[in-house]
Amino acid sequence: MKDIPKTYEASQYEDDIYELWEVSGAFTPKIDSKKKPFTIAMPPPNATGTLHLGHASMLAIEDIMIRFKRMQGFCALWIPGTDHAAIATQTKVEQILLEQGITRHDLGREEFLKRVHEFVEASRGTIRNQIRRMGSSCDWSRERYTLDEGLSRAVAENFVKMYRDGLIYRGHRIVNWCPRCSSTLADDEVVYKELQEKLYYIKYGPLSLATARPETKFGDTAVAVHPKDNRYKKYIGKKIAVTTVLGETEMIVVADSVVDPKFGTGVIKVTPAHDATDFDIGKRHGLEVRQVIDENGRMNEKAGKYAGMTTREARVAVVKDMKKLGLLIKEEDYTHNLSLCYRCSTPIEPLVSLQWFIDVNKPILSARSIKLKKKLSAHGNVKKEKLMSIKEKSIEVIKNGSIKIIPDRFEKIYFNWMENLRDWCISRQIWFGHRIPVYYCLKCMEASKEASEKCHFGSENLDNVVSREPGIFVSADRLTKCLNCSKPLKQDPDTLDTWFSSGQWTFATLGWPEKTADLQYFHPTSVLETGYDILFFWVARMIIMTTYAMGEVPFETVYLHGLIRDKEGKKMSKSSGNGIDPLDMIAKYGADAVRLSLVVGSTPGNDIRLYEEKIAGCRNFINKIWNAARFAMGSSLSATPENHSIFSQSSLKTFVQSPIEHIEKKSKKYFFGDDNVSILFKHSTFFISDNLSLSDKWILTRLQRLIEKTTNDLEAYRFSDAGLGVYEFTWNEFCDWYLECSKVQPHPQVLQYVLMTILKLAHPFVPFVTEAIWKHLCPSKHNVSSNAKNKAFTDESSNNGKSKAFATELSNNEKSKMFATELLNNGKSETLSSSHRKNQTFESESLHQKECFSYVPNLLIASQWPQYDKKLIFTDEESDMQVIFNVITGIRKLRAESHVAPHRKIHAIISGHKKSCESIESQKHIIQRMAGLERLDVSPSSQKISDALSLFVGNVEVYLPLKNMMDFETERKRLQEECKKIASYIQGLETKLLNKNFIQRAPKNIVEKEKEKLETARSHLQKIEEQVRSFDS
RNA sequence: GGGCGCUUAGCUCAGUUGGUUAGAGCGACUGGUUUACACCCAGUAGGUCCAAGGUUCGAAUCCUUGAGCGCCCACCA
């Protein structure tokens, strides 16, 4: 046992333990109708991404929840996956191509997509392995990818469904156009940047107006003023003659209340084709939409001689020409927000184009209301249910509590966003993604235009094909020929917004549109855990898509974590060089330390600051547990270690008694956990009947309280509190006090029980180290791992470090070889790795068939969460022990203050109430050892010892006769200081208690408490004063 | 312009529904290495809880106002 290394080297255990978990089948829950499901759909990282701290924090928190629920006996499922991240990925590949001087258009759609897919395949393994390294206990057998076959099917089906319900339409709208990406962007994909620019005051016939974009004036089709602006009332509805750089023209003046009379001259030019506000004005007044900028951000032929220039160039030219013609009145500096593409920071060009939209305001019959209606009509009770739009529905599910957002302040933010939501543009002009399942027959479309006859397709719904407009077919199945004229069809070239597909993540990953057992059992998911920065991007879209498609909520609780910042509170980024790479940290401190550092000190919705010292601190804690366990396992607790070492064969035998097997067979409940300890506790009064010392009862009581607190905290999503609680208990109570006590007064069974319970409580937070220790405590016979790996685990306790190191090296080598091959081949030929992976899947699947947990070989991951046990609460002993600790601390303090050499053994005399003296007497050896006493006399009768240091703890008096080495003056001063402090404290209490209002209005128990406080303080004071007087005599 | 969050020890943060002589970790200082652990142990110092009002017997905690910092939404032609 002594061969267990002194420090826990995380890197030597983590990979092997992870593999053991994975192969054991513990990650893969089997549907069990007797158990409650607990499901989390992992927010899918980008398939081409690498792990950053945001992911790390998400994985840590979700894994805590999953492990906790799994141990509690839930059927806990955590579905991992990756996102194709359409624009991000396409941009990345385009950049790589650009380095070779190729554009996507050079390659053509098909070839380009091939390259993208190759790129994704090659890099997808990276993020997968990084997720593993965090210790994430997710079910890899159910892993999904937003672009895999099943999800693509779901996306297409849902599109068709929405189109059939009239929610999806095609129309000309003004959109945010990124000239570089050549694509539309959703409103929230636009970012704003403050910029210094010029505001130009220009002449517009009889009027003058201010504009920042003079180059768009060729697209002007009106001038607008505020309807109540008296200055311009006479022009409203009239046409005015305007001189422009391209000659004379006429312009109508309209009145619209969006115009701010205070800004500029109170007159604006209306350019419906190139400004969202103007587009709306144009719509209200039936203005012409005249496009003058093309999709590449250049002026088109309508701009006359400026055609072909970029908008920037045109602006300069136009201003110059206006000056010449005397049309420019003045220029003003001003700052405004320029809209930019959130991906490439290119300025956005608002353009009008033909796009697909989701109507968010159209009332629909949701699946649920349809079901409800059927039910009601069956009862002859047809009541018209209010039809809700998807927007209203999405608001309702939060309002009625079907979904709870933590912290709840985000609910308000959500409402605000949802209420202002405009129709959602879902088409993107990029190639990578889910292609829109719409097929056009150009001939029929053309024909219908010419004939302008009523479309004979009507709204006929063919088998899985919907057609509402001539020549347009919407279908989830690939169509090639027109159903009307049999001419070849052309599929819409656009793809869908990536959030359209990720909005379906919770149910599509479980098999929708098939009615799979998984879908029925695991959906709605329990918790969605993600960063608050994607509340709108993703969370809101999931609510929209799921309430619509499924008629149920996607999740019951949304837990939002904060963003990770550096010590100064700055955002971490590659450019500012303040980023911490979680993988570096894992290599240096271990995954457990990284996980813990991300959880401790974090509260939902608030950003947390992370820095290396914090991670190091967490690593120290992990090492502390390791050593506590090492002590418990290996220390010779008495002269004959074999008898007392709690994990020696003999004691284990007595500990693990035969009833266990019996219980296991008899009660199915226990198949989940293999842990003998809690079973024993449930079914015997083992400890209680045994001789428990005061410290045993104390630690057992404290432990019960910890179990209760940790469970409550975890259930209330207070992860930081839960983690800190375990941290503090382990370090400050178990290690600092109980382990020290057990050096004097060993009780192996209690020690083991407490240690094992700590391991369980800590496991969700620091799974690796706890599992590694558990392996030592409950060595397994049915290890499913390969021999080499097995060796790495079991040998370390039995032999010297060398053989262990060798074994680990072996397994690491084996693995690194495989990963190296994978990396070298860059995913092209993945014979080795994929066959390896397949074997694993096969193994775990075969385990999955059986009662998976009965196969889990004594793994902590599958053990049962500790139960709070009232029988193990000893209130009196808890406070008695506390007095003893106070005595020890007090003596230590006196020694330190009086500079008593640490080695010097001293004498102490304790007196006080009979009961206290009894318990002190019983713990005499502990006090002696921990306070460094040579001799300790305890007597109930109070005795004055004048030439001694004194200490008063509750009703206990402690004297340290140090005649020859104490400085009476110093001691007198110390005591007098103490008196002053207490006196002022007493005074405070007295005024409080003399206050009639307090006595009358405060609750009785509070008043009682205050009275008690006063009493003890008074007796304290009295005793100290006596002691001071004794110096004088 | 609208909204939200934060402000507690030198630093990073806890402080649940008002009742503690306001806590922890790191850092600092003093000492130690005692049959687990220097990734350790024992002890010390350090706070007008951002400010000003208010509610209350009682406020770090609730209300109002203000200041500083940070964030989100809308968007100015």
Can you measure [X] atom [atom1] to [N] atom [atom2] for me and round it to whole angstrom units?
X         : N      : atom1 : atom2 : answer
Ile888(A) : G43(B) : CD1   : P     : 10 Å
Arg565(A) : C71(B) : CZ    : P     : 6 Å
Tyr200(A) : A77(B) : OH    : P     : 13 Å

Spacing of the [atom1] atoms in [M] and [N] (rounded, Å):
N      : M      : atom1 : answer
G19(B) : A59(B) : C1'   : 10 Å
C11(B) : C76(B) : C1'   : 42 Å
U56(B) : C63(B) : C1'   : 12 Å
A22(B) : A60(B) : P     : 10 Å
U64(B) : C6(B)  : P     : 14 Å

Query raised in the report: For the rings on Phe719(A) and Tyr559(A), is their centre-to-centre separation under 6.0 Å?
Result: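 Yes, ring centres under 6.0 Å apart.
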Query - Approximate separation, where rounding is to 0.5 Å, of Ile888(A) CD1 and Lys893(A) NZ - result: 15.0 Å
Query - All pairs passing side chain to side chain donor-acceptor pair (under 3.5 Å) where residues 722-735 of chain A contributes a residue, at least two apart - result: Arg702(A)-Glu733(A)
Report task. Give Glu1008(A) one of three labels, base, sugar-phosphate or nothing, depending on what nucleic acid heavy atoms sit under 4.0 Å from its own. Result ->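 The residue Glu1008(A) makes no contact with any strand.
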Query raised in the report: Under 4.0 angstrom, heavy atoms only, what part of the nucleic acid is Lys1013(A) near: base, sugar-phosphate, or nothing?
Result: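 Sugar-phosphate contact only.
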Requested in this report: Decide, yes or no, whether a salt bridge links Lys1013(A) with Glu1010(A) under the criterion of side-chain N to carboxylate O below 4.0 Å.
Outcome: yes
Report task. Taking His561(A) for its side chain and Val599(A) for its backbone only, find out whether a donor-acceptor pair lies under 3.5 Å. Result -> no
Query - Partner nucleotide of C29(B) by Watson-Crick or wobble geometry (both distances under 3.5 Å) - result: G43(B)
Of the listed nucleotides ([options]), which one gets closest to any side-chain atom of [X]?
X         : options                : value
Thr277(A) : A36(B), G43(B), C76(B) : C76(B)
Tyr611(A) : G25(B), C73(B), C76(B) : G25(B)
Glu740(A) : U44(B), U21(B), A36(B) : A36(B)

Query - Residues in contact with RNA chain B, drawn from residues 592-610 of chain A - heavy-atom cutoff 4.0 Å - result: Gly601(A), Thr603(A), Asn606(A), Arg609(A)
